[in-house]
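To start, the structure itself, in structure tokens.
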Amino acid sequence: MASGTLDIDLDAITANWRSLDAMTPAQVQTAVMVKADGYGLGAAPVARTLMAAGARRFFVALTEEGVSLRLALGPEAEINILSGHMEGDAPRIRAFNLIPMLNSRAQIERHFASLPGHPFGIQLETGMNRLGIDRADWQMMAPSVLAHAPRLLMSHMACADEPGHELNDLQLASFRAMTDGTGIARSFSATGGILLGRQYDFDLTRPGIGLYGGAPFHAARPVARLSLPVVQVRTLQPGDTVGYNATWKATAPARIATLAAGYADGLFRALSNRAALYHGATPCPLVGRVSMDLVTVDVSGIDGTPETLDLLCPAQGIDALAAAAETIGYEILTALGLRYARRYVSRSSGVLAA
Ligand SMILES: *Cc1c(COP(=O)(O)O)cnc(C)c1O
């Protein structure tokens with residue numbers, strides 16, 4: 001095995017979706033966020049698995065992602081596009097029966113002109129200032145847009161992972177003011193909002209990171225395990241240095257393993273001299289600079305020569321690794337490279353695919 005192995009636990013993803021679904025009342029639907037290829041873990045296998053578990057509504061960022069997802073899921077799933085209706089996308093939106101979440105007056109006009117009668121949703125701006133129609137515009141447009149019966153009115157929270165942040169309730173008040181009394185289905189919460197409280201539920205939640213085992217859903221089951229193969233091991237003497245720019249120097253005899261993954265595979269260079277790889281529960285420090293295809297690890301603390309060491313495992317989840325790189329679990333997952341052998345694991349069917 002020349003590349004690393006990324007094991008993706010589909011049972012854990014199902015358990016996480018069910019846990020998040022169980023936090024809200026039964027009438028609140030729980031959708032599935034699979035943008036960016038399911039946070040780097042594979043949109044098609046994740047979505048198929050959750051469809052089998054009962055999920056029916058899926059969100060992606062781009063029309064192209066919606067097309068792939070339609071081919072993976074068949075005609076039954078409802079596939080929503082967060083970037084809305086972009087110029088030139090009408091033929092694919094129609095052919096693959098995608099539902100754009102329209103973000104602006106221009107998108108609404110484009111959609112009504114090119115695909116009259118085709119289902120759509122509306123994204124409303126309530127404080128994040130990223131996507132959506134702002135309040136003043138909505139006041140003017142709401143009557144005519146609502147007459148076309150949008151499937152969904154949605155907005156997105158900027159600070160849902162900070163329970164005390166004042167923007168949470170300011171956004172909620174704004175969303176209510178823009179949507180109360182419309183009689184249209186509404187969606188406000190992603191993972192963070194589900195954990196914050198029931199006042200954010202509305203009709204549909206849209207969790208992403210919680211499904212994949214990341215904060216702020218600290219009770220999530222871990223989903224990803226990443227094992228990297230050892231290419232060679234050498235013994236260094238005091239004074240010997242490791243890697244580009246000689247940033248690590250042995251102060252005692254040391255055994256250094258070279259592993260086959262680097263920054264081209266999502267091991268951020270910021271992890272240089274900061275992270276650990278694990279042999280079971282034993283941490284082995286990453287020493288020297290991360291290079292493009294390789295990392296070097298001090299394995300002096302373990303007996304013998306391991307065949308692999310783990311970067312993601314029970315001892316070190318995505319959030320712990322993210323902390324070492326001063327980033328977030330989302331970025332760890334979406335950066336996982338394409339060179340790993342992805343293995344989908346589930347109790348019912350064992351290892352599904354490489
Ligand atoms: C990414 C995203 C989500 C999912 O957020 P998580 O924090 O991963 O649960 C939901 N809604 C929108 C609009 C998003 O962009």
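Every value quoted in this text rests on a predicted model; they were computed, and no experiment measured them. Hydrogens, waters and symmetry mates are skipped; everything else that's a heavy atom, side chains included, is used. Order of appearance sets the numbers: ligands from 1, and atoms from 1 within every ligand.
Ranking protein heavy atoms by distance to atom 7 (O) of ligand 1, first place goes to Tyr330 OH, 2.6 Å. If you check which protein heavy atom lies closest to atom 15 (O) of ligand 1, you get Lys35 NZ, 2.7 Å. Taking atom 5 (O) of ligand 1 as the reference point, the nearest protein heavy-atom neighbour is Ala190 CB, 3.3 Å. Residue, atom and distance of the protein heavy atom nearest to atom 8 (O) of ligand 1 are Tyr39 OH, 2.5 Å. The protein heavy-atom contact nearest to atom 3 (C) of ligand 1 is Met33 CE, 3.4 Å.
The backbone N or O of Ala36 lies less than 3.5 Å from a partner atom in the side chain of Glu65, making a donor-acceptor pair. The closest donor-acceptor contact from the side chain of Gln316 to the backbone of Leu311 lies under 3.5 Å.
Checked by atom type, the side-chain pair Asp201/Ser189 shows no donor-acceptor distance below 3.5 Å. In this structure, a donor-acceptor pair under 3.5 Å is absent between the side chains of Gln107 and Arg105. At a cut-off of 3.5 Å, with distance as the only test, a side-chain donor of Arg289 or Asn245 sits close to an acceptor on the other residue. Side chains of Thr126 and Ser155: a donor-acceptor N/O pair is present below 3.5 angstrom, by distance only.
Ring pair Tyr330/Tyr212: centre-to-centre distance not below 6.0 Å.
Between Phe188 and Phe202, the two ring planes are perpendicular [angle over 60°; tilted spans 30° to 60°].
Not a single heavy atom of Gly210 lies less than 4.0 angstrom from ligand 1. For Arg130, the heavy-atom gap to ligand 1 drops under 4.0 angstrom.
For ligand 1, the polar-atom distance check against Gln123 finds no nitrogen or oxygen pair separated by under 3.5 Å. At least one N or O atom of Gly208 sits closer than 3.5 Å to an N or O atom of ligand 1. Backbone and side-chain nitrogen or oxygen atoms of Leu82 are examined, and none is located within less than 3.5 angstrom of a nitrogen or oxygen of ligand 1.
Of all atoms in ligand 1, numbered sequentially from 1 with element shown, those under 4.0 Å from a heavy atom of Pro207 are 9 (O). Those atoms of ligand 1 with a heavy atom of Thr191 less than 4.0 angstrom away are 6 (P), 9 (O).
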**Request:** Show the numbers, then the answer: is there a salt bridge (Lys or Arg N to Asp or Glu O under 4.0 Å) between Arg186 and Asp180?
**Result:** CA-CA 10 Å; Arg186 295 184 283 183; Asp180 275 353; 2.8 Å; yes

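The proximity of His156 to ligand 1, defined as any non-hydrogen pair under 4.0 Å, is limited to the side chain.
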